[in-house]
Amino acid sequence: MEAAVHEVTKLLRLAELLQCTATINAYNNSCYLLVGSTVSLFPFRFSIQQCFPAMSLYELKCSTENISMEHRTYFTIKFPDSRFSQQELPACKPILSPGWVVSIFITIGIVFIPIGFAALFASERVVELQFKYDQDCVPPKYKNDMVAYIQSNKTDKTCMRKMPAVSSKMKAPIYVYYQIDHYFQNHRRYVKSRNDKQLRGDENNTADCAPERYAKNGQPIVPCGLIAWSLFNDTYKFSVQNKSIAVSKKDITWKSDREKKFSSKVYPKNFQEGGLIGGAKLNSSIPLSEQEDLIVWMRTAALPSFRKLYGRIEEDLEAHDQITIELQNNYNTYSFKGSKSIIISTASWIGGKNDLMGIAYLTIGGMSLFLAICFILMYVLKPRPLGDTSYLSWNRNASGVNLRF
Amino acid sequence: MPREGKRTILFSKLYSFACWRVKFEDVHADIGTRGYSRVVYCNEPDNSEAMQLRYRGNYVSTTKYSAANFIPKSLFEQFRRVANIYFLVVACVSFSPLAPFKAVSVLVPLLVVIGATMVKEAIEDWRRRKQDVEANNRKVKVYGRNNTFIETRWKKLRVGDIVKVHKNEYFPADLFLLSSSYEDGVCYVETMNLDGETNLKLKRALEVTSLLNDENSLERFRAMMKCEDPNENLYSFVGTLDYNGGKYPLSLQQMLLRDSKLKNTEHVYGVVVFTGHDTKVMQNATDPPSKRSKIEMKMDKIIFILFSILFVIALAGSFFFGVYTKKDDSGGKITRWYLRPGPKDSVVYYDPKRPALAALLHFLTALMLYGYLIPISLYVSIEMVKVLQSIFINRDQDMYYEETDRPARARTSNLNEELGQIDMILSDKTGTLTCNSMEFIKCSIAGTGYGHGMTEVEMALANRREGVPENGHIASDVAERSIGDADGSRKLIKGFNFSDERIMNGHWVNEPHSDTIQKFLRVLAICHTALPVVNKQTGEISYEAESPDEAAFVIAARELGFEFFERTQTSISLHELDYKTGEKVDREYELLQILEFNSSRKRMSVIVRSPENRLFLLCKGADSAIFERLAKDGRQFEVQTKGHIHKYAEAGLRTLVVAYRELGVEEYKVWEQMFLKAKASLTEDRDALIDELADKIERELILLGVTAVEDKLQKGVPECISKLALAGIKIWVLTGDKMETAVNIGYACSLLRQDMKRIVISLDSPDINALEKQGDKGAIQKACLASIRKQIGEGSSQIDEARKGSSSAKAFGLIIDGKSLEYSLKKDLEMSFFELAINCASVICCRSTPKQKALVTRLVKNKTGKITLAIGDGANDVGMLQEADIGVGISGVEGMQAVMASDFSIAQFRFLERLLLVHGHWCYRRISMMICYFFYKNITFGFTLFWFEAHNSFSGLPAYNDWYMSCYNVFFTSLPVIALGVFDQDVSARLCLKYPSLYLEGVENILFSWIRIIGWMFNGLLSSIIIFFFTTNSMIPQPFRRDGQVTDYEVLGVTMYTCVVWVVNCQMAISINYFTWIQHLFIWGSIAFWYIFLVVYGSISPIRSTTAYQVFVEECAPSPLYWLVTLLVVICTLLPYFSYRAFQTRFKPMRHDVIQQKRLLSHNDDQIDASGELPVRVRGKLQHLRQRLRERES
């Protein structure tokens, strides 16, 4: 501090002798002497901010009246207009230094690999049984014309099949899904063909629902639109060793759907009474908010292969249990070459069986570690000090020019 | 017109070239015909015939819009941009069922963007309007019905009104001068606002009206004036006045133009001729050429590419949609029965029987859907960013010049980033590199040199000759000088830096040639056109002169004892020191003629009659002009004087030779007759005739001496120039000065360096001079061309040799004079000259005219295709400033003309360093990063839509809720990118200045090269792929929650959108280098805002929020998988870019990477070899001073 003041005093005298203005810039601890037309830099070996905190720029003007040592020196202290307007706000300026790079890579690795293992582990614990039945449940004589089979009213659609044995114990709740592939529930025409206002209570509003708006009698269809019309109508019954297993169909929908999107005062009307019959019929004595199959169906799927929740089995299944399904194969996926499966699965915190998540985490984590090693190796094999200006050839030129002056 | 009366003759003598009368022939015959039909009834504006003419009022409006047309006109301006038209069409079509989303969600962002731009336009126009209102409401005195002058507002003036304008007031309209406070009806006018010239111009009333100089005499004044229609020619006026039965021709001499100012005259009376928009200045008001930056032009190309991508993917989508739709029809049955084709009124057209129509309609839908590839907010963001950048430039304290209280001004905000790409600077010298405050520093009288002062150039030269002094003993001499100056506490006089005790304080009388010295000083005191201004309080005299040189001479004469104190129309009075008696006496010289200065004559003379009734011709001029006119016995000191001239020129001084001649009475009379006749003549060669006559009398001169005036270098110019040179910027100086002066200034400002090889192209060779004496024009031209060609060839071969390494010289400096330049710019030599010039590190063109300056600028700009910056301060630089890509005006002493024509204005040349190296570099970096990032983020977003569409059989269903999409560009991603554009800095200002080579990134256009742009686009594409495929494959089809719920359309949309928002904002975070709280707020705020938006939007009624209802709170947030996917996707998407950057900064760093690393290494980075940067000269000086200090202390 004292040294600093001394230095400033000396500088002032110098400035006075030169009859010049000295500008001290505390940001870079430098001082400019303005001599005649030359601006020259005068380096400081101490931090000015140490001795005069809160000030950043001084202008020391020297009186020219008196050259003797009892000069009157006056200081004009100019505070910077604002650090903001000078674009000198305090800032963090991250740089990709080797240390940072390596530690970021390693951190990613360290975080990702355990997550990956955890996810894989969770996925491993999920027990999932899948059974594709669309081909299987068509009687052999109809194999050549499955569409005719499914569209006919007269054929027997019942189909009894045995599921693969339960691999390990499945704890309740066990979820039953049906999966349809190659079914474009996300086709724009399909998605738009519904009327949310109607579902919420405005029964006669069937805008956007064409061609499934009005029944033959001219009455509005409730629920209208292609989505509701094409409601999935295969049904399943499960039994283990002739003991049937109850499938609960309650609470398989989102609460918000039941409460806000589907009214409890609206009942199905004129449903499936248009020219063509699409899918399932609805019990017109149950309000829409309790038609959970419909609600599940009307949450359209994102991709053409999708699962939808069919119900919940509330009892445990033991390992090696052989489940028999009695299913009604009603839904037409044959005309567009889709497929249908039934899935029985438990769920963990990660959801269903999902190995990809774990594998992806492990891969990314591993890759990061690999990159870290690469970086370290390259750093060791090809060392170059940071900020090496050797190839900035102008650096030499710069001093050269100054010397010449 | 015959001249009558004594007074007239006298005036004509004084105002040599000015007072000549136009006769009725020539142009005046046109009066009354087409183009010359204006009729003005003077002093009777209420005359019924005058009323019928319905001339415009004096109301002036420079605004672009009016209240009524603002909306349509500004909308029209907005929709001139292709991108905006596209969005307008999309908005219109979005009302049809074709739209993939709701119309409002398209309309709102468009309205926001258009609205923001319109608000900006409105504010700008409001400012113009305020200026107009101020001008329209200024007060002026108008002659009213009750024969007195009443104050009215400018806007109420009508054609034919008589107004009275006082000293230092602006003329409210174009006036016809009736009379002035001078009885001969003259007045002085300053036309700085019109042509930038600061010298006073003389206007003169018609003789018949000059007596109408009080209110009473005006009462009876009625006249009719016929004149030309409003036009933009400032330098001509044609008209006639019908007054008292006579017809009088009018010329520009009687016109006082709006926006010029009355000077040195108490008041004038004038008749309003042109009002408002009819005035010459308003007719001249054309918009300066609008300049667009190269980056913006490239951006247009990129937008075009994006449009192409948009069309291609829309077409591809439609094609597949058509194919899929067609496939649905299998023998009359619909395969995808659930899509059930039906009546026309269904929302989405779907008919497998007509797949082509379905595809066509889908194409329109797709065009709207993929509109997200085109960043709607790009233009408005860039405009906002540029305005903010300009504010930073304007408020930069380091570019604020206290002495004149002038900050830097970005007059257009279009070109900010161009400042970072300057390849070449074309600079004016006087007033730009130098202060343009002339100081009389030396003179040589009768062969003796006077003046001890040392010029900056001399100091530089001294150092150059001595080589590099290690201990700084040369520098100590310099220091000695400054201390010596300080000791002699002399009063500082502006324009006078002369010290020599031999002739100061009247000591000159003791010098050997004191009579010559007396004559010399007399010439300085008499031979000029300056006007004395006496300060009434102090009695001090200051001078108003046409040029600072002239002022310097008059001041020098005053300081040396010949004080010019009064000028009347016919005489010049001096306080003189009589060298015989040594007393001060007043002497009055009768002024007979002034032979004015012009650039072809290069000299000026006055003819005066001394009190002793002797006639003298006093002359000062360029050495070339004077030496050839010397009399045989006038060459007594020629050799010494020439030596001094050479020395002075080397020292960077401007020299003028002073000579005189005594005239015989008879001789003069004969000559005067001829001269007056010549002046009164109206033939085309009048000027030539006058020159010839002047030439006749300006002969047989007797040499007195030489004056030397220093034009000081501005503060910090050499340092600035060497910094700019290090930044790879080539600097050309275009000056009107002599070659020696220019070269020496070149050395002084380190434009030329010792190690540079000089290539001089000049026509100043003996053969050509000899040819010129013969006067054969054809032969001269041929010889000149041949000579230039040869010199250019020689220069080129020198450079070639240096390239091959056979010559030691590394850098070249080209020096060319104006005459050679003229030949070099001819078609066949242009190319070779140009090639030579761009291979030289610096180029100095001396003796160049304003037109040549502009031509050179154009040549350089067109030939290199690189970005040029022109810097200048005077009206003669305007052409150059407008021609260059960027014009920078120095707001100095020479009026505002250059500033008005410039794109940026600064107060001092040295601020250019900060303007380019700091602001230019930053702006370039910011804008190019910003544009790249804009495309990145929109491609990332747009392509996720495309991938999703590919999975819904190209039916055009967007992956996200409508409002998510419309908020994307406006809320979730716009603020960080604006913060990037306004605040980001790769390295601090100080480091930018310290490492000028950083600037090369802009010159080489590294940050906005096609590779980089395409790299960013590719990064966007990659990001979209990673986002889409990871999200879908990890969440579909299995359940994503513990309660067994599966991912549906709504959840997938939210998850993907979350990933996009995170990815683009984090990408921003890892690509910027500068985090203040603003960046943190905007980047993390944008992400946080997305979640807030989800919650708020998800909680409003499902009728409004549709698929977004409760989706986050109820479905996504409780699912760990949702968060895991977000983390995975974000890291995975950023990893490629991050790794690339990590390896690239380490193993193949760019310039700014190296500097950043350097900063990191030295924690107190400010001390990096600062001492090494101290110029040796200053170091020596400091050393010396420290020593002195020690001595004093001890």
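In what follows, chains carry the letters A, B, and so on, assigned in the order in which the sequence lines appear, proteins first and then strands, with residues in each chain numbered from 1.
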For A:Y361 against A:G116, the heavy-atom pair lying closest together: CB-CA, 3.4 Å
So what's closer than 4.5 Å to chain B heavy atoms on A:K353: side chain, backbone, both or neither? backbone
Is A:T300 close to chain B through its backbone or its side chain, or both, or neither, when contacts mean heavy atoms under 4.5 Å? both
Would the number of heavy atoms belonging to other residues, nucleotides or ligands and lying under 6.0 Å from NZ of A:K197 be above 12? no
Quick check on B:K333 against chain A: is it the side chain, the backbone, both or neither that has a heavy atom closer than 4.5 Å? side chain
Minimum heavy-atom separation for B:P1037 to B:V1046, with atom names? O-CG1, 3.7 Å
Interface moiety of A:S345 toward chain B, non-hydrogen atoms closer than 4.5 Å: neither
Examine distances only and state if a side-chain atom of A:T363 and a backbone atom of A:I359 form a donor-acceptor pair shorter than 3.5 Å. yes
Measure A:I108 against the heavy atoms of chain B and call it side chain, backbone, both or neither at under 4.5 Å. side chain
Which region of B:L1052, side chain (C-beta onward) or backbone (N, CA, C, O), has a non-hydrogen atom less than 4.5 Å from a non-hydrogen atom of chain A, or is it both or neither? side chain
Is the shortest distance from a Lys or Arg side-chain nitrogen in B:D986 or B:R1151 to a carboxylate oxygen in the other one below 4.0 Å? no
Contact class of B:L1124 relative to chain A, heavy atoms under 4.5 angstrom: both
Can any side-chain N or O of B:T335 pair as donor or acceptor with the backbone N or O of B:D328 at less than 3.5 Å? yes
For the interface with chain B, which of A:L309, A:N354, A:T333, A:V101 has the highest count of heavy-atom pairs at distances below 4.5 Å? A:N354
Grab the two heavy atoms, one from A:N186 and one from A:A301, that are nearest each other, plus how far apart they are. CB-O, 3.6 Å
Angle between ring planes, A:F105 versus B:F1138, binned at 30° and 60°: parallel, tilted or perpendicular? perpendicular
Between A:A360 and chain B, with a heavy-atom cut-off of 4.5 Å, which part of the residue counts as in contact: side chain, backbone, both or neither? both
When every non-hydrogen atom of B:Y1074 is compared with those of A:A91, the smallest separation belongs to CE1-CB, 3.3 Å
Side chain, backbone, both or neither: which part of B:T365 has a non-hydrogen atom closer than 4.5 Å to chain A? side chain
Would B:I1155 and B:K994 count as a side-chain contact (heavy atoms from CB on, under 4.5 Å) if you check the C-alpha gap in whole Å, the side-chain angles of each, and the deciding distance to 0.1 Å? CA-CA 10 Å; B:I1155 291 163; B:K994 194 169 160 194; over 6 Å; no
For chain A, find which of B:V1125, B:L1127, B:V1113, B:V918 contributes the most heavy-atom pairs closer than 4.5 angstrom. B:L1127
Let me know if A:I104 has heavy atoms under 4.5 Å from chain B in its side chain, its backbone, both or neither. side chain
Highest number of heavy-atom pairs under 4.5 Å with chain B among A:Y334, A:F184, A:Y175, A:Y177 belongs to A:F184
For chain B, which candidate among A:K255, A:Q185, A:H182 shows the most heavy-atom pairs at distances under 4.5 Å? A:K255
For chain A, which candidate among B:F1075, B:Y1049, B:Y338 shows the most heavy-atom pairs at distances under 4.5 Å? B:Y338
Between A:I95, A:I364, A:L356, which has the largest tally of heavy atom pairs under 4.5 Å with chain B? A:I95
Contacting moiety of B:H362, where chain A heavy atoms sit under 4.5 Å: neither
Basic-acidic side-chain contact under 4.0 Å: B:E1114, A:K261: no
Main-chain N/O of B:K715 paired with B:E719 side-chain donor or acceptor, under 3.5 Å: no
So which residue, B:R1041, B:H1080, B:Q1156, B:Q1110, ends up with the most heavy-atom pairs under 4.5 Å with chain A? B:R1041
Side chain from CB out, backbone as N, CA, C, O: work out which of these in A:I115 comes under 4.5 Å of a heavy atom of chain B, or both, or neither. side chain
Should we count CH2 of A:W349 as having more than 12 external heavy atoms under 6.0 Å? yes
How long is the span from the NZ atom in B:K1158 to the CG atom in B:D1153, to the nearest 0.5 Å? 14.5 Å
Atom group of A:D355 that falls short of 4.5 Å from chain B, counting heavy atoms: neither
Count the heavy-atom pairs under 4.5 Å between each of A:S335, A:P90, A:A347 and chain B, then report the option with the highest count. A:S335
Name the region of A:E259, side chain, backbone, both or neither, that has any atom closer than 4.5 Å to a heavy atom of chain B. neither
Is it the side chain or the backbone of B:N394 that comes within 4.5 Å of chain A heavy atoms, both, or neither? neither
With chain B, the option among A:F375, A:F306, A:Y190 that has the most non-hydrogen atom pairs under 4.5 Å is A:F375
Interchain contact, B:Q985 with chain A, by part (heavy-atom threshold 4.5 Å): side chain
At a 4.5 Å cut-off on heavy atoms, which part of B:F954 comes close to chain A: side chain, backbone, both, or neither? neither
Engaged part of A:W100 at the chain B interface, taking heavy atoms whose separation is under 4.5 Å: neither
Let's go through A:R189 and B:S955 carefully: what are the C-alpha distance in whole Å and the side-chain angles of both, what is the deciding distance for side-chain contact (heavy atoms from CB on, under 4.5 Å) to 0.1 Å, and is it a yes or a no? CA-CA 7 Å; A:R189 177 181 174 81; B:S955 61; over 6 Å; no
Among B:Y324, B:F392, B:F1040, residue most engaged with chain A (heavy-atom pairs, under 4.5 Å): B:F392
Max heavy-atom pair count under 4.5 Å with chain A, selected residue of B:R336, B:Q1045, B:H951: B:Q1045
Under a 4.0 Å N-O cut-off, is there an ion pair linking B:E1050 with A:R299? yes
Does a side-chain N-to-carboxylate-O contact under 4.0 Å join A:D202 and A:R200? no
Contact origin within A:S256 toward chain B - heavy atom pairs under 4.5 Å: both
Between B:S1139 and B:L1135 (side chain of the first, backbone of the second, donor and acceptor by atom type, cut-off under 3.5 Å), is there such a pair? yes
Which residue out of B:I334, B:D398, B:T1106 racks up the most heavy-atom pairs below 4.5 Å with chain A? B:D398
Interchain contact, B:S330 with chain A, by part (heavy-atom threshold 4.5 Å): neither
